[in-house]
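See structure below.
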Protein chains: 2
Amino acid sequence: MTRWLDADEQHAWRSFLAATQLIYEALDRQLQRDAGMPHTYYMILVALSEAPARSMRMSELAARAQSSQSRLSHAVARLEERGWVRRERCPSDRRGNVAVLTDEGFAALAAAAPGHVEEVRRSLFDVLTPEQVRDLDEICSAVRNTLER
Amino acid sequence: MTRWLDADEQHAWRSFLAATQLIYEALDRQLQRDAGMPHTYYMILVALSEAPARSMRMSELAARAQSSQSRLSHAVARLEERGWVRRERCPSDRRGNVAVLTDEGFAALAAAAPGHVEEVRRSLFDVLTPEQVRDLDEICSAVRNTLER
DNA sequence: ACCAAGTATATGAGAGTTCAAGTAAACTGC
DNA sequence: GCAGTTTACTTGAACTCTCATATACTTGGT
């Protein structure tokens, strides 16, 4: 009944698990060490920094930063304590909240970005050929098309 | 100074983050729901099940299951509470511990495996062509060769 | 206007992870 | 043969994440 993985698939799968974990660990370690935040927080700050008025509804932000609503809510609470983000009541829909990136938050992101990009290069792009980057992009698109609702 | 990502790299990177997170979330949800364990625990059980006598030194196990020593130590403590793993003092090196997969642990793994493999197929292999699987394998090998150790 | 159902977010508890110490045993050189 | 270092593993605290639940507002019928 069960369609087990054949030898090639096994190898690819384990290699995938190893490689992706190595990358995520490298990212998290670098960001934690040099910027005092986990990668998930970094993604939140990035998403906010790219939004008009550096602000976004919580649910929209959760989608952009690939976070669950609950995770985002907790994370923004922490970011708020640090003064990097501020929450405002949404005027048009009083259920809603808008997260706003503060200047301090933007500065923290700007300070963190170069080291982070360097780490992204070191752990992924520097080890791949341009063709492999294209291959990877297509592979990831295929996965997203299936798993993203 | 900073070598920022160009548009293609940006796209590939964000697609990579999205796709890998989707896969990990799918894995974790399925295992948690159907087998009551996170994916990291599953990897520990798999590693043990493949070892001679279904047992391994803690540090060796950490390496095989791609876990930090600390994480493994906590995880094995939990698995021990469930009766899935047992710890024995290592006779040759009295600093060491040997983790042993119990019959209950093996049974839990055997029960979890089919659903897990199904999820792995659904989220990765079913959406890729055989050539993409080969590409992915090579990409991951390249990453591992650089980041491992 | 009212009430049921749906939406947006928060919150608390429980579980897992990390980091920094801590313990204990094994090497290493003199 | 014993100080000093390294190795193997554990522990506790702080933090993050998940899941279930709660709260507050909105919307759609009637």
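Just so it is clear: chains get the letters A, B, ... in the order the sequence lines come, proteins before strands, and each one is counted from 1.
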For this session: Please state whether the base of C/dT18 and the side chain of B/His74 form at least one donor-acceptor pair under 3.5 Å?
Result: yes

For this session: Round to a whole Å and report the spacing from CZ of A/Arg33 to P of C/dC19.
Result: 10 Å

Problem set entry | Rounded distance (Å) that lies between atom C1' of C/dG6 and atom CD of A/Gln69 | 14 Å

For this session: Select from A/Ala77 and A/Glu25 the residue whose nearest nucleotide in DNA chain C is closer to the 5' end of that strand.
Result: A/Ala77

Problem set entry | Closest heavy-atom pair and its distance - B/Leu72, B/Ala62 | CD2-N, 3.5 Å

Exercise. Under the 3.5 angstrom rule, does the side chain of B/Thr102 hit a backbone N or O of B/Gly83 as a donor-acceptor pair?
Worked result: yes

Exercise. Closest to the A/Asn97 side chain: C/dA10, D/dT11, D/dC19?
Worked result: C/dA10

Exercise. What does A/Arg87 touch in the nucleic acid at a heavy-atom separation under 4.0 angstrom: a base, only the sugar-phosphate, or nothing?
Worked result: sugar-phosphate

Problem set entry | Partners passing side chain to side chain donor-acceptor pair (under 3.5 Å) against B/Ser55 (at least two apart in sequence or in another chain) | none

Exercise. Between the base of D/dT11 and the side chain of B/Ser73, is there a donor-acceptor distance below 3.5 Å?
Worked result: no

Exercise. Residues in side chain to side chain donor-acceptor pair (under 3.5 Å) with A/Asp126, at least two apart?
Worked result: B/Arg3

Exercise. A/Arg71 side chain: which of D/dC25, C/dA25, D/dT18 is closest?
Worked result: D/dT18

Exercise. Quick one: does B/Ser73's side chain have a donor or acceptor within less than 3.5 Å of a partner on B/Ser70's backbone?
Worked result: no

For this session: Kindly state which residues belonging to residues 107-115 of chain B come within less than 4.0 angstrom of DNA chain D, counting heavy atoms of the residue only, listed by number.
Result: none

For this session: Kindly say whether B/Arg87 contributes a backbone atom to a donor-acceptor pair with the side chain of B/Glu80 at under 3.5 angstrom?
Result: yes

Problem set entry | Check: A/Glu131/A/Thr129 side-chain N/O donor and acceptor closer than 3.5 Å | no

For this session: Remember a base hit wins even if backbone is also touched, and classify A/Asp93 as base, sugar-phosphate or nothing at under 4.0 Å, heavy atoms.
Result: sugar-phosphate

Exercise. CG of B/Leu31 versus P of C/dG16: gap in Å, rounded?
Worked result: 13 Å

Exercise. In whole Å, what is the span from the CZ atom of B/Arg78 to the C1' atom of D/dT11?
Worked result: 13 Å

Problem set entry | d(CG, B/Leu79; P, C/dA15) in whole Å | 14 Å

For this session: Look at B/Arg94 and C/dA26 and indicate whether a side-chain polar atom (N or O) is within less than 4.0 Å of OP1 or OP2.
Result: yes

For this session: Take atom CZ of B/Arg89 and atom P of D/dA8, then tell me their distance rounded to the nearest Å.
Result: 13 Å

Problem set entry | Whole angstrom value for the distance that separates C1' of D/dT18 from CD of B/Gln30 | 16 Å

Exercise. Would a 4.5 Å heavy-atom cut-off, applied to side chains only, mark B/Asn145 and A/Val127 as touching?
Worked result: no

Problem set entry | Among D/dA24, C/dG16, D/dA20, the nucleotide that comes nearest once only the side chain of A/Arg95 is considered | D/dA24

Exercise. With distance as the sole criterion, do the side chain of B/Ser68 and the base of C/dT17 form a donor-acceptor contact below 3.5 Å?
Worked result: no

Seminar exercise, completed: Between CG of A/Asp34 and P of C/dC19 the distance, given in whole Å, is 12 Å

Seminar exercise, completed: Sequence neighbours excluded, the answer for side chain to side chain donor-acceptor pair (under 3.5 Å) partners of B/Thr40 is none

Problem set entry | Close approaches to DNA chain C from residues 38-61 of chain A, in residue order (heavy atom, under 4.0 Å) | A/Arg57, A/Met58, A/Ser59

Hey, can you pull the donor-acceptor pairs under 3.5 Å for the side chains in residues 27-35 of chain B, sequence neighbours left out?
| from | atom 1 | to | atom 2 | distance (Å) |
| --- | --- | --- | --- | --- |
| B/Asp28 | OD1 | B/His39 | N | 2.8 |
| B/Gln30 | NE2 | B/Asp34 | OD2 | 3.0 |

Exercise. Taking the nucleotide of DNA chain D with the closest heavy atom to each, which residue, A/Met37 or B/Gln32, is nearer the 5' end?
Worked result: A/Met37

